[in-house]
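Positions are given from 1 along the sequence. Indexing begins at 1, ligand by ligand and atom by atom, following the structure's order.
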Amino acid sequence: MITSSFDNPAFQSISENLKLIRDEIAEAAIKSGGSPDAVRLMAVTKTVSVEAINFAIQHCGIDLIGENKVQEFLSKKASLLLEDVEKHLIGHLQTNKVKKIFNEVDMIQSVDSLKLAGVISQEAAKAGIISNVLLEINIGNEDSKTGFDKVAFFESLAQIAELPNICVKGIMTIPPICENECELEKYFELMQGYYYDLAAKKYTNFDFEILSMGMSGDYKQAILHGSNLVRVGSAIFGARIYK
Ligand SMILES: *Cc1c(COP(=O)(O)O)cnc(C)c1O
């Protein structure tokens, strides 16, 4: 049992940060016309220690975590208290690593090519399961970012819709770093538009319920533009230290 962790000042701040973030999420959710619990909070745990993650799970009610890297997640997994916790992969996934991860997480949020979607469906078929995925859109068409570019995205949709062993639960994005709020809101609005358009399509393997956008610096604005899953890392755990 972890009993002494409340005395650890670093862990104390995790608990305080989460209180504040949850209040702000609830407030933004109400402002956007929803119920205060309409938005799910994901704790993004890349570079975070297993002790800190377990504290957030055990003592702060975190029930959804996101990791970026296959190797990092798999090496931490056995030490995490994941019984009642959903795990999502949110970082770029190479097709040759699909085998290792597709059955270890509840969702892959970072499906950024037709090829990757196809490989996930193939592996899921072999395992006799349906894999839940989100399609990641590079909404600012930035060279530095992963995600479908918008043209490739719409060209790939019909083929993605034919893949039998994935279920597309929604879309995800990381918007460009913006000079001002107006510009940022434009990207969020675009995503919200796509979300409604795609949710209305009658593809059999689409079951839209998640619009995943908003991180530490912009989750409030994202919620005001329809996000119902925010991915928050540094605002919970503090600045990341990359080794
Ligand atoms: C790291 C990361 C986040 C969280 O970023 P913060 O700014 O620390 O909240 C969210 N989504 C993805 C895909 C990430 O890689």
D106 and E86 have their tightest heavy-atom pair at OD2-CA, 3.3 Å
Legend entry - Aromatic plane relationship, F208 with F206 - under 30° parallel, 30 to 60° tilted, over 60° perpendicular: parallel
Ranked by distance from atom 1 (C) of ligand 1, the top protein heavy atom is K46 NZ, 1.4 Å
**Q.** Ring centre gap for Y194 and F154 strictly below 6.0 Å
**A.** yes
of all protein heavy atoms, closest to atom 10 (C) of ligand 1 is M215 SD, 3.2 Å
Value for CD (E72) from NZ (K69), rounded to nearest 0.5 Å, stands at 7.0 Å
A student checking ligand 1 against N68 at a 4.0 Å heavy-atom cut-off should list atoms 14 (C), 15 (O)
For S234, the atoms of ligand 1 under 4.0 Å from one of its heavy atoms are 6 (P), 7 (O), 8 (O), 9 (O)
I174 heavy atoms within 4.0 Å reach ligand 1 at atoms 13 (C)
Per-pair distances, 0.1 Å, donor-acceptor, side chain in residues 155-168, under 3.5 Å, sequence neighbours excluded:
unit_1: S156; atom_1: OG; unit_2: A152; atom_2: O; d: 2.6
unit_1: N165; atom_1: ND2; unit_2: I129; atom_2: O; d: 2.8

So the atoms of ligand 1 within less than 4.0 Å of a heavy atom of V232 turn out to be 9 (O)
Quick note on ligand 1: atoms under 4.0 Å from a heavy atom of S216 include exactly 6 (P), 7 (O), 8 (O), 9 (O)
* Using 30° and 60° as the class limits, which term best fits the ring planes of F148 and F153: parallel, tilted or perpendicular? -> perpendicular
Residue, atom and distance of the protein heavy atom nearest atom 11 (N) of ligand 1 read R231 NE, 2.9 Å
Among V48, V230, I90, V44, closest by heavy atom to atom 13 (C) of ligand 1 is I90
Is there a salt bridge (Lys or Arg N to Asp or Glu O under 4.0 Å) between E67 and K46? Walk through the geometry before answering.
CA-CA 5 Å; E67 279 278 348; K46 60 177 177 244; over 6 Å; no
query = So is R240 in contact with ligand 1, going by heavy-atom distances below 4.0 Å?
reply = yes
To the nearest 0.5 Å, atom CD of E104 lies from atom NZ of K77 at 4.0 Å
Numbered in order shown, the ligand 1 atoms found under 4.0 Å of a heavy atom of G233 are 4 (C), 6 (P), 8 (O), 9 (O)
